Each structure stands twice: as C-alpha cells, then as structure tokens.
Amino acid sequence: MIHLFTTYFTRNIFFLFLLVTFHEVALGQCPNAPLSDDRGVFSINNIDSNPVNSDGDNNPTAVNNIPLKVCPQQSLTLKDLVNGGQSRSFEITQNTSVLSTPSAIPVPSTTNSISTTAPVTPGIYFIKSFGSNNGAGYYACQVIQVVDLEKPKYTVKMCDIAGTSQKEVTIVLLDDPSNKLIDAYSYSVTPLGSVPRGTNISDITNYPYSIPLTVNSGFTSYELVISGTNKVGRCEKSDSRTLTTVSTPQTPILYDISIDNGISLNVAATAGIEHKIWMRDPIGESTYNTTGTPVYTYTPTASLVGEIQKFSVPDPTKQYCFKVNAFDVCNEKTVESINEICTTPLRGDTKQGGNTIIWSVAQGNLLGNTFRSYDVFKVDASGTESLVRNITTIGDNLYDDTNVICGEEYTYKVVTNYQSKSISNLLKLKNTSVPPTPLGKLGSTVIGGQSIRVTSLEKEGNDLPTFTAFNYYRANSINGNYTKVHSGTSAFWDDTSVNTNAQQYCFYMTWTGGCGESQPSSKVCPIFAQMQGSSMIWSPESSFTDPITEYRIYRIDPITGLPINTAGSGLPYTSTRNSLNLSTLNIPEAEGQTIYLAIEGYPTSYPPTTLSNYVEYQRPSLVLSAQAFTPNGDGLNDTFYIQGRFIKATKMSIFDRWGNLISFIENTNYQNNPQLGWDGTSSNGNKVPAGSYAFQVQVEDLSGNIITKEGSIVVVY
C-alpha cells in the first residue's frame with residue numbers, strides 16, 4: 001500500500017525531491033533525503049538506546065551506511081521512535097528508491113512497531129522508515145547486510161605451565177573471511193560437565209586474534225564453547241570441543257614405503273598432533289628444506305601405531321627420500337623422525353627371449369636405515385607370486401628374466417630391504433619374441449542339425465598378446481588330413497559347408513599374433529550319429545578338449561530344434577555308451593512314423609554341452625488282414641478291411657477262383673476311415689457266393705513307402 005502523508009501536496013513534493021536526489025546514490029549507501037525530511041528515528045530489535053537517526057546524509061562513513069549484520073530470516077522488531085508520528089510504515093528493500101512500494105509494511109495505529117524477518121538471500125539491503133508529523137514527512141534509513149554466519153574458525157591449545165598447577169589455554173581466532181562477518185564472540189572454558197560461563201569480546205578489527213587464559217589443572221578435561229554473533233543479536237553460530245593437555249610429540253618412526261598410485265608411507269607417531277612429511281631428491285639434495293612446503297601434512301589418530309599416509313610426488317619414476325617431523329607447540333621445538341627412507345622406482349622393457357627390469361640403487365647413507373638386500377618378485381599370468389632372486393650387492397640393480405612365454409603378461413616388483421622395506425611400483429611386461437602357446441579348451445557342436453560351430457572356450461582375441469586372428473583347421477574323418485578352412489578375429493566359427501548327416505568331422509584351432517602362429521590345439525570332433533537297423537550309434541571321440549561323461553538322447557523338432565517331450569516314451573534317455581536300441585522305447589504310435597533324435601553330450605567341464613546332427617528314425621509300418629468275414633448284414637464282421645499302423649492309403653483288389661477282378665476298393669484317407677473295405681459284393685452290386693476269394697492290397701505308409709500284401713479271404717454266410 002502506498003505510504004500516505006498528511007496532504008497530497010506535501011507527499012508529492014517530498015517524493016519528487018527524493019527521486020531527483022537519490023538518482024546519484026551508490027549501491028550500499030542509504031538514499032539521502034532533504035534535510036527537512038530526514039528527521040526519522042527508529043530502533044531495531046528494541047535497542048532503543050542506540051536508535052537509527054536520519055539517513056546518513058550521503059556520508060559513506062556514517063553509522064547509517066555501515067552495515068548491521070543480520071542472519072537470513074532473522075526475526076526483526078522495527079519500532080518508530082518519532083513522537084506524534086502518523087502514517088508510519090517500514091520496508092526492507094535492495095533498491096535505492098525511497099518511494100513506498102506495495103511491499104511496505106504499515107505500522108498499526110495502536111502501536112509504533114512491527115515484527116518481520118530479514119531476507120533469506122545474503123546481500124546488502126536497506127531498512128527504511130516512513131511517516132509524517134504535523135503535515136511534514138520524515139524518513140530514516142539503515143544499511144543491513146544479510147550474512148549466513150559460520151562457526152568461528154580458530155585454533156586452540158592447552159599446555160601445562162611449568163612449576164605450577166595450572167594450564168595455559170590459547171585460543172587464536174583465524175584470519176578467515178567467515179570470521180570477519182562476526183560482530184562479537186563469546187567463549188568459555190570450564191571443567192567438563194560444568195555450566196559454561198561466557199566471556200564476551202567484540203569489535204575485533206585485526207586477525208588473527210589471540211585470546212590467552214589460565215585454568216586450574218585440577219581437572220583432566222575442559223570444555224571450550226565459542227560462539228559468533230551479530231550486533232543485532234538473536235543470530236549466532238557456535239562450536240565446542242573438549243580440551244586436554246597437548247601431548248609432547250614423541251619421535252616418529254618410519255616403517256615401510258611403497259609406490260602405489262602415489263606414495264604410501266607407514267609412520268608411527270603421536271596421535272592428535274600435526275605432523276609434516278618432508279621430501280628430498282637424493283641426486284641433488286643431501287638435506288631436507290624444512291623451511292619450505294612439506295609434501296604432506298596430517299594428524300595421526302593413534303599414538304605410536306603404524307598408519308599408512310598416502311600422498312603424491314612430482315614424478316613417481318624418480319627416487320625420493322622422506323623424513324617426518326612434528327612441532328612441540330607447548331615447548332616450541334621440532335621433533336624429527338629417527339630414520340628416513342627412500343622409494344624404489346622400477347622400470348623395464350622386453351628384449352629377444354626375455355624381460356629386463358632395472359630399479360633405483362638404494363641409498364647407502366640414510367639416517368637410521370642401512371641397506372641389506374634386494375628381493376625381486378615375479379607374478380605370472382595365473383596370479384602366482386614368487387621370489388626369483390635375492391641380491392645383496394647394493395649396486396646390482398638389474399635382473400634379466402628369460403623364463404617367459406610370448407604374449408603372456410608378467411608383473412614384477414622389487415623390495416629394497418633396509419631395517420624397513422621400500423617396495424617398488426608394479427611393472428607389467430609382455431614379451432613377443434618367442435612362439436605363442438597353443439589354445440587351451442575348445443568345444444564343437446552341431447547347430448540346427450546342419451552346420452558345425454567350433455569355439456575357443458578359454459581365450460578371446462583380447463586375451464591374447466598382439467592378437468591377429470584365429471585359424472580353424474578341419475579333417476573330413478577321424479584320421480583324415482587337416483586343412484585350414486577359415487581365419488578370422490572371432491573366437492568361434494560356424495562351418496556351413498559340411499554335411500553333418502553324411503560323415504564325421506574333426507577340428508583344431510591356432511591363433512596368430514606378434515609371435516607368429518601358435519602350435520595346434522587339441523582336436524575336437526562333434527558328435528556324429530547314424531542309424532543301424534533299429535539302433536542309433538554315435539562317434540566316441542570327444543567334441544570337447546575335456547572328455548564327455550554322459551549323453552542324453554532327445555526327440556527333437558527338426559524345424560525349431562526344440563525338444564519334444566512325450567510322457568512314458570523313455571526319452572530323454574541318458575547313457576554312458578555310444579549306442580541305443582530304439583525299439584526298446586515306448587514312443588506312442590500317435591507320435592507318428594518318422595521321428596527325429598539328437599544327442600547332447602556333457603563334458604567334465606560342463607557347462608557348456610554339445611549337440612549332434614539330427615537322426616531320422618523310420619518306425620516300420622504294419623499291415624494285417626482277416627482270413628474270413630461274414631457279410632450278412634448283422635453288423636458283425638460284415639467288412640473285409642486292412643488293419644495296421646502308420647497306414648496312409650490302401651488299394652484293395654478282389655479276385656474269384658478263376659482270377660477275374662470282381663471288386664476294387666480304394667481308401668485315400670485311412671487315418672480317418674480305417675474300416676473302409678470289401679463288403680462282399682461284386683462290381684455289379686450282387687452278393688458273392690460263399691467260398692474262397694483271392695485279394696491283393698497295396699498299402700502306402702506315412703513315410704511314402706509302398707507295401708504289397710496278397711492272400712485269400714473266405715466268405716461265410
């Protein structure tokens with residue numbers, strides 16, 4: 001709501017003047033008002049004894065323009081102290097215009113104060129007071145700074161005072177930007193569990209600021225509570241900690257050092273005291289420059305227990321030496337480690353027939369550490385680590401390893417044994433100057449009953465050094481000659497040029513890399529199955545480099561390659577032999593005359609398994625006929641017809657005793673009409689006399705085979 005003055009004229013003349021005057025005012029300084037209109041007075045948070053008067057008269061050093069610090073959304077009570085004031089209002093804004101805005105807060109006529117909150121966003125703001133008295137407007141302004149106070153930043157130590165029963169506590173407020181936003185501090189040091197008794201200190205202009213005090217040493221622990229507040233109050237951040245007497249640091253001890261993504265140094269030192277690790281280059285520096293910057297600063301968590309400190313160095317391939325010290329803050333002296341230790345950088349390369357590694361020579365004049373020996377370790381491709389050499393001569397820092405396999409990666413490390421150990425970085429080398437090793441596990445299987453897949457089960461291309469290609473060799477019989485049939489980068493290959501139902505095939509693989517072509521792998525032969533009479537037999541040679549422990553025979557859909565399960569049929573059938581008499585199975589007749597079977601082999605390294613070609617098994621059809629029938633129309637045995645299994649169609653010819661054809665019956669859909677046959681009538685429709693008649697039947701089974709049956713039938717009435 002726009003602020004109202006007593007008269008319209010007074011209000012507009014006042015605002016117009018202010019607009020012209022404030023146009024030149026800089027951000028962060030209260031807008032200036034005409035002298036006759038800057039008679040406003042107000043207080044913040046009921047501090048009436050130190051009110052805000054006027055607007056600072058455009059003076060940057062005026063109290064009005066020195067920001068009062070408040071916290072985000074801090075509660076503020078704003079009180080207009082002008083006697084007889086009317087149309088009072090306040091606003092908190094970041095703009096420099098004194099024109100009242102809709103955000104101005106009117107002061108109720110029954111009181112001269114309002115309650116509000118500081119803005120949430122840190123920054124510079126203006127608290128403006130408006131009002132009128134006896135027809136004339138008045139105005140006052142105060143700059144505030146919304147700051148998000150942080151806990152005071154400080155250091156503290158508590159030391160025994162020699163020759164007394166007291167302790168000296170020294171608190172140092174640090175030269176930190178967050179501390180400079182604090183107007184006043186309160187601190188107390190009391191025995192642990194006692195009620196804190198605060199001491200206030202304000203108007204600190206120079207940091208760091210030291211606060212010394214003395215406490216009675218009759219207690220083991222004390223609690224320090226320190227708070228920072230703003231002048232307006234009601235906003236503070238506190239910190240507390242338990243104080244114990246600062247220990248006198250004991251001499252640090254250096255144990256093992258290693259190069260592992262930086263430097264890992266095992267140090268035993270005094271807990272709770274800052275320690276510094278110093279570094280020197282032994283090639284050009286015989287002493288440590290402890291006036292510079294340490295390579296690493298840390299505080300141990302346990303006293304005289306080895307703790308690993310990790311840090312980086314400018315060049316991990318160079319040798320560096322290290323020592324550790326701590327500063328005794330109470331006695332103001334440095335305590336240095338009793339020993340120093342140096343790193344052992346390791347480098348190397350491959351050569352014809354082997355690998356060569358070289359490491360930095362140990363330092364022979366170290367403080368508290370004497371050279372003893374080098375241990376050279378090697379890790380092979382399986383991860384097995386072994387000590388390959390112990391060297392006791394300090395200058396003997398080279399090792400030639402000729403026990404290597406081309407393309408295999410080996411890892412080396414060297415340990416320099418002083419009283420402590422200096423462990424090198426891990427060095428990985430691959431040598432390509434000797435023939436590559438043959439492939440290990442292979443497998444082969446028939447795919448979809450037609451093609452053959454050969455697979456390397458242990459190596460992919462990226463598992464082999466300087467890999468170029470896999471090579472596939474095939475023989476067209478178990479003892480045949482092998483010919484390269486394919487070369488490629490894939491670890492498996494499908495041979496589609498084979499006839500899996502006609503013969504057996506065998507394969508082996510090699511690989512080519514920077515060392516040439518490897519020796520042949522073991523030979524594998526996919527399962528070759530075939531029919532011999534009613535028995536299915538299959539090849540005994542293994543389709544894996546591991547032996548086959550058992551076989552499972554499945555009935556299979558030749559189109560989808562999926563198993564067909566028929567309850568009670570005896571399939572799938574498990575066998576350790578290489579043959580199966582199919583007539584012993586109980587496959588229902590309804591399953592059809594032609595069935596397809598496949599064999600799955602299970603190796604000792606299962607999974608995976610291997611499949612054979614698809615074997616087609618033709619179950620024999622059956623044709624039966626009666627010897628007599630009675631076509632007298634009584635519904636019993638009135639028709640002479642063919643019985644059997646797997647019958648598709650029949651053709652029946654009937655002859656009299658002189659060989660004349662008297663009837664011909666054709667049944668093209670036997671499956672749906674199995675009892676279609678001769679009803680005892682001749683071709684003229686008359687019943688034939690009783691007696692014996694010859695017949696000839698042609699039967700087509702479900703597989704298209706033609707079966708002819710001849711005989712005689714007796715007609716009885």
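Since we're looking at a predicted model, the values are computed, not measured.
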Can you find a heavy atom in the side chain of K441 that is under 4.5 Å from one in the side chain of D546?
-> yes
Does a side-chain heavy-atom distance below 4.5 Å link N355 with Y412?
-> yes
K430 atom NZ, neighbour heavy-atom count above 12 within 6.0 Å | yes
Which residues pass the salt bridge (Lys or Arg N to Asp or Glu O under 4.0 Å) test with K413, sequence neighbours left out?
-> E385
List in chain and number order the residues that pass side-chain hydrogen bond (donor to acceptor under 3.5 Å, both in side chains) with E600, two or more places apart in sequence or in another chain; answer none if no residue qualifies.
-> Y554, Y602, T609
N261, CG atom: more than 12 neighbouring heavy atoms under 6.0 Å = no
Between atom CG of N613 and atom CZ of F528, what is the distance when rounded to the nearest 0.5 Å?
-> 6.0 Å
Worked verdict on N581 versus S534 for side chain to side chain contact (heavy atoms under 4.5 Å, CB included) = CA-CA 6 Å; N581 188 342; S534 62; 3.2 Å; yes
When you measure from the centre of the six-membered ring of Y717, is the NZ or CZ of K687 under 6.0 Å away and within 45° of the axis?
-> no
side-chain hydrogen bond (donor to acceptor under 3.5 Å, both in side chains) between R474 and S497, worked out = CA-CA 11 Å; R474 183 185 72 204; S497 66; 3.0 Å; yes
Atom CZ of R347 with >12 non-hydrogen neighbours under 6.0 angstrom = no
Any donor-acceptor N or O pair under 3.5 Å, side chains Q450, T496 | no
Side-chain touch N462/L464, heavy atoms, less than 4.5 angstrom = no
Please step through side chain to side chain contact (heavy atoms under 4.5 Å, CB included) for the pair N266 and K421, ending with a clear verdict.
-> CA-CA 10 Å; N266 192 346; K421 294 183 181 297; over 6 Å; no
Could you please spell out the steps behind the side-chain hydrogen bond (donor to acceptor under 3.5 Å, both in side chains) verdict for N425 and D260?
-> CA-CA 6 Å; N425 53 296; D260 178 19; over 6 Å; no
Check: Y374 ring centroid to W359 ring centroid under 6.0 Å | yes
Any donor-acceptor pair under 3.5 Å linking the side chain of D557 with the backbone of G561?
-> no
T356 vs L398 side-chain heavy atoms within contact, under 4.5 Å = yes
No-hydrogen, no-angle side-chain donor-acceptor test under 3.5 Å, E616 and Q618 = yes
For the residue pair T392 and S373, confirm or rule out a side-chain donor-acceptor distance under 3.5 Å.
-> no
Mind checking whether M509 and V454 have side chains closer than 4.5 Å, heavy atoms only?
-> yes
For S539 and Q504, test the side chains for any donor-to-acceptor distance below 3.5 angstrom and give the result as yes or no.
-> yes
Is E458 reaching over with its side chain to a backbone N or O of G440, donor-acceptor style, under 3.5 angstrom?
-> yes
Is it true that F322 and F311 have ring centroids separated by less than 6.0 Å?
-> yes
What residue pairs, at least two apart or across chains, pass ring-ring contact (aromatic ring centres under 6.0 Å, His included) with a residue in residues 564-583?
-> none
Does D679 use its side chain to pair, donor to acceptor, with the backbone of D638 at less than 3.5 Å?
-> no
Is the closest side-chain donor-acceptor distance between S477 and N479 under 3.5 Å?
-> no
N/O donor-acceptor pair under 3.5 Å between S424 side chain and V414 backbone | yes
Indicate yes or no for a side-chain donor-acceptor contact from S569 to the backbone of L571 under 3.5 Å, with no hydrogens or angles considered.
-> yes
Y508 ring center within less than 6.0 Å of Y473 ring center = yes
If you measure only the distance, is there a donor-acceptor pair under 3.5 Å linking the side chains of N705 and S703?
-> no
Please report the C-alpha distance between E591 and R555 in whole Å, then the side-chain angles of each, then the deciding distance to 0.1 Å, and finally whether the salt bridge (charged side-chain N to carboxylate O under 4.0 Å, His left out) criterion is met.
-> CA-CA 11 Å; E591 295 293 315; R555 186 174 172 213; 2.3 Å; yes
Please report the C-alpha distance between C525 and I478 in whole Å, then the side-chain angles of each, then the deciding distance to 0.1 Å, and finally whether the side chain to side chain contact (heavy atoms under 4.5 Å, CB included) criterion is met.
-> CA-CA 8 Å; C525 306; I478 185 65; 3.7 Å; yes
Backbone N/O of V697 and side chain of E710: donor-acceptor pair under 3.5 Å | no
Side chain to side chain contact (heavy atoms under 4.5 Å, CB included) evaluation trace for F377 with T411 = CA-CA 8 Å; F377 292 90; T411 302; over 6 Å; no
Quick one: CG on D256 to CD1 on I423, what's the gap to the nearest 0.5 Å?
-> 5.0 Å
Which side-chain N or O atoms in residues 622-636 pair as donor and acceptor under 3.5 Å with protein atoms at least two apart or in another chain?
unit_1, atom_1, unit_2, atom_2, d
T630, OG1, L636, O, 3.3
T630, OG1, N637, O, 3.3
N632, OD1, D634, N, 3.2
D634, OD1, L636, N, 2.9

For residues 639-671, which residue pairs qualify under ring-ring contact (aromatic ring centres under 6.0 Å, His included), counting only residues two or more places apart or in two chains?
-> F640-F695
Heavy-atom side-chain contact between R645 and P620 under 4.5 Å | yes
Trace of the ring-ring contact (aromatic ring centres under 6.0 Å, His included) decision for Y551 with W538 | CA-CA 10 Å; Y551 301 93; W538 55 93; 5.6 Å; yes
With side chains defined as the heavy atoms from C-beta onward, is the minimum distance between L582 and L597 less than 4.5 Å?
-> yes
Report the C-alpha distance between F470 and W511 in whole Å, list the side-chain angles of each, state the deciding distance to 0.1 Å, and finish with yes or no for ring-ring contact (aromatic ring centres under 6.0 Å, His included).
-> CA-CA 4 Å; F470 288 108; W511 66 276; 8.0 Å; no
Would you say the side chain of E541 lies within less than 4.5 Å of the side chain of C506, judging by non-hydrogen atoms?
-> no
Flag if over 12 foreign heavy atoms under 6.0 Å of CG, N481 | no
Listed by chain and number, what are the salt bridge (Lys or Arg N to Asp or Glu O under 4.0 Å) partners of D494, not counting sequence neighbours?
-> R453
